[in-house]
Colleague: 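Quick one: structure below, then a few questions.
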There are 2 protein chains.
Amino acid sequence: MAEASTQEAPAASRQGYAKSEATREAIIAAALSAFGRYGYSTATTRQIAEAAGVALPAIAYHFGNKEGLYLACARDIVARYYAQAADLALEAGLALEAAPPPDVCSDYLRHILRRLLRLFAQDEASGSQADFVAREMRDRGPAFQILYDQLWAPGVEITARLVAGCQGRKAVQDGDRAEALMLISSLLAFNTGRDVALQILGRPNLDAGALNLIDAAIDRIVDGVAGRTS
Amino acid sequence: MAEASTQEAPAASRQGYAKSEATREAIIAAALSAFGRYGYSTATTRQIAEAAGVALPAIAYHFGNKEGLYLACARDIVARYYAQAADLALEAGLALEAAPPPDVCSDYLRHILRRLLRLFAQDEASGSQADFVAREMRDRGPAFQILYDQLWAPGVEITARLVAGCQGRKAVQDGDRAEALMLISSLLAFNTGRDVALQILGRPNLDAGALNLIDAAIDRIVDGVAGRTS
DNA sequence: ATAGATATCTATCACTCGATAGATTTCAAC
DNA sequence: GTTGAAATCTATCGAGTGATAGATATCTAT
């Protein structure tokens, strides 16, 4: 038995089945989808194993137990995120050091929110990841601290700094954080509540037309935050 | 056995234990809290029975089964809502018939959103109800259709009509519905995500000061929707 | 008081869950 | 080839779930 429960993959394999790493990734992909859709306690390990095309004990072998798999998913999300969206956040963070004028800040804010919307509405995989994170922020599971510390809190803080910048301030106040939370939360209507949103908008899916519609809504809301007439 | 599974309470009791109705209400209260906090499949009937101070089979007796209890909770929420918040919605609906000027519409919008915020942030009971509804809108459980048809869709539509009115239009467009969804969803940050919001705002609870902070954020966002400089 | 419907309880069933013991297969090193 | 570690599987366990059978307690009508 390779002790894989706490952190790492069972070491660089020089023996055993060749597809070990592929199995690991298949399990994580299936788990992300299942946990994102059904939550930690409702998603079952059998369900995940079947979706991944492996037998049940493969999960225990690679991740120790259900919670280990859940944590592995969280770490995977964080890693993917840093390889995917960190560039924009970093750029905005650097730009903010120079205390840019309000219109630059509101442009950044618009860009970040649009990017976030597409992250939510995008392909199945990204949607699952966003679902996973959003769910964890609500129903504090075992991965809460990881995702809060490494994704949610930094994301809200950057957004809050942009909100403050929109109003010509450099220091972030609690009101900015409240607005940042509300901005991000407003986009969750199209992630978490995608089906309901589609039903209300009377559309079969979030196509380009729907995204444009929502982009326009983002623009108006950001205008309000920035105190500007559209 | 009184067949109570599908709809009604076991008829006006003229025999049997006197506290029957009180038991029923205690179970519903406990169930609302448990379902709101943990969701349909994670909340257990034993947990609910214990919290209600009754034995397990009391649930089956009064509500048929777990799903029956869940549906009874949903109907209870709808009933409470109509007795509680329908006045404001009705008033706004009536006022809208007269195609009021934008500033009147945005005032209504502000009032409704503030009321909604307090509904979310209020006492334990109201919070549980809001949790229940929000959860059902995401994780379509057995009560989805009831709550969608009787609460969510009408609420979004009224909000969308106010958004349209803010922009001087009487006819509701899809963009208005998108904005309405986002406005409501933004408030969910303080219901669904209450703990995270408190942590980010660095406050122990949603007291008057916090509410004022959020009210100000609502004002700015509504200003944006109305296309008005604050 | 007592009969009968109503309401509640104790005890238990069948099932699903996460976990794991133990057999089996794969693959690189020799 | 043979060997041994790594990876995967089949089969099963104990705990917890929703449900229910059947006994018991309560209250109203007579």
Side-chain angles (χ1 to χ4, degrees), chain A residues 1-6 8-28 30-31 34-35 38-73 141-143, chain B residues 1-6 8-28 30-31 34-35 38-73 141-143:
Chain A
M1 283 180 256
E3 266 306 324
S5 39
T6 47
E8 294 307 297
S13 59
R14 284 183 296 188
Q15 279 170 330
Y17 289 40
K19 58 175 180 174
S20 174
E21 185 58 26
T23 298
R24 203 189 129 90
E25 284 167 11
I27 293 175
I28 286 207
F35 284 138
Y38 304 111
Y40 179 69
S41 43
T42 305
T44 71
T45 52
R46 285 168 215 275
Q47 192 181 23
I48 293 170
E50 186 184 349
V54 300
L56 180 57
I59 291 176
Y61 178 77
H62 284 281
F63 304 98
N65 54 25
K66 189 183 188 183
E67 182 172 331
L69 172 57
Y70 197 69
L71 292 173
C73 286
Chain B
M1 284 182 254
E3 265 307 325
S5 41
T6 47
E8 293 308 296
S13 58
R14 284 183 297 188
Q15 280 169 328
Y17 288 42
K19 59 176 181 173
S20 173
E21 185 57 26
T23 298
R24 203 189 129 90
E25 284 167 11
I27 293 175
I28 286 208
F35 285 138
Y38 304 110
Y40 178 69
S41 43
T42 305
T44 72
T45 51
R46 284 168 216 274
Q47 191 180 26
I48 293 170
E50 187 185 347
V54 300
L56 180 57
I59 292 177
Y61 178 76
H62 283 280
F63 304 98
N65 55 25
K66 189 183 187 183
E67 182 172 331
L69 172 57
Y70 197 69
L71 291 173
C73 285

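Everything numeric in this text was worked out from a predicted model, so none of it was measured. Per chain, numbering begins at 1; letters A, B, ... match sequence-line order.
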Colleague: Rounded to the Å, how far apart are B/E50 CD and D/dG16 P?
Modeller: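 The answer, rounded to whole Å, is 13 Å.
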
Colleague: Using a cut-off of less than 4.0 Å, is there contact between a side-chain N or O of A/T23 and OP1 or OP2 of D/dT8?
Modeller: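 For D/dT8, OP1/OP2 do have a side-chain N/O of A/T23 under 4.0 Å.
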
Colleague: Could you tell me the separation between the CZ atom of B/R24 and the P atom of C/dT6, rounded to a whole number of Å?
Modeller: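 Those two atoms, CZ and P, are 16 Å apart.
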
Colleague: What's the separation between atom NZ in B/K66 and atom OG in B/S41, rounded to the nearest 0.5 Å?
Modeller: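 Reported value, rounded in 0.5 Å steps: 6.0 Å.
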
Colleague: Working to the nearest 0.5 angstrom, can you tell me the gap between A/H62 NE2 and A/L69 CG?
Modeller: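 Reported value, rounded in 0.5 Å steps: 11.0 Å.
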
Colleague: Output the rounded distance in Å from CD (A/Q47) to P (C/dA19).
Modeller: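 Atom CD in A/Q47 sits about 15 Å away from atom P in C/dA19.
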
Colleague: Send over the distance from A/K66 NZ to C/dC17 C1', rounded to a whole Å.
Modeller: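 Distance, rounded to whole Å: 8 Å.
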
Colleague: Nucleotide by nucleotide, 5' to 3', does protein get under 4.0 Å of the base (B), only the sugar-phosphate (S), or neither (-) in nucleotides 9-15 of chain D, counting heavy atoms?
Modeller: BB-----

Colleague: Between P on C/dC17 and CG on A/N65, what's the gap in Å once rounded to a whole number?
Modeller: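 About 17 Å, once rounded to whole Å.
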
Colleague: Minimum heavy-atom separation for A/C73 and A/A31, please, with both atom names.
Modeller: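 Smallest interatomic distance, heavy atoms only, reads SG-CB, 3.6 Å.
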
Colleague: Taking CD1 from A/I27 and C1' from D/dA7, how many angstroms apart are they, rounded to a whole number?
Modeller: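 After rounding, the reported distance stands at 11 Å.
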
Colleague: Report the distance from atom CZ of A/F63 to atom C1' of C/dA19, rounded to the nearest whole Å.
Modeller: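 My rounded result for the distance is 16 Å.
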
Colleague: Distance check, rounded to the nearest 0.5 Å: A/Y70 atom OH versus A/N65 atom CG?
Modeller: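 Output value for this atom pair is 13.5 Å.
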
Colleague: Rounded to the nearest 0.5 Å, how far apart are CD1 of A/I48 and CD1 of A/I27?
Modeller: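 Output value for this atom pair is 9.0 Å.
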
Colleague: Locate the shortest heavy-atom distance separating B/L71 from B/P142; write the atom from each residue and the value.
Modeller: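 Closest heavy-atom pair between B/L71 and B/P142: CD2-O, 3.5 Å.
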
Colleague: Are OP1 or OP2 of D/dT8 and a side-chain N or O of A/Y61 less than 4.0 angstrom apart?
Modeller: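 No, outside the criterion.
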
Colleague: Indicate, with a heavy-atom threshold strictly under 4.0 Å, whether B/A43 touches base, sugar-phosphate, or nothing.
Modeller: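 If one applies the 4.0 Å heavy-atom cut-off, B/A43 turns out to touch the sugar-phosphate alone, with no base involved.
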
Colleague: Taking OP1 and OP2 of D/dA6, is either one under 4.0 Å from a side-chain nitrogen or oxygen of A/H62?
Modeller: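 For D/dA6, OP1/OP2 do not have a side-chain N/O of A/H62 under 4.0 Å.
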
Colleague: Do side-chain atoms of B/E50 reach the backbone of B/Q47 as a donor and acceptor pair under 3.5 angstrom?
Modeller: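 Judged by distance alone, no pair lies under 3.5 Å.
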
Colleague: Give a yes/no on whether any side-chain N or O of B/S20 is located under 4.0 angstrom from OP1 or OP2 of C/dT6.
Modeller: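 For B/S20, the contact criterion (side-chain N or O under 4.0 Å from OP1 or OP2 of C/dT6) is not met.
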
Colleague: Please state how far atom CD1 in A/I48 lies from atom P in C/dC17, giving the value in whole angstrom units.
Modeller: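 About 11 Å, once rounded to whole Å.
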
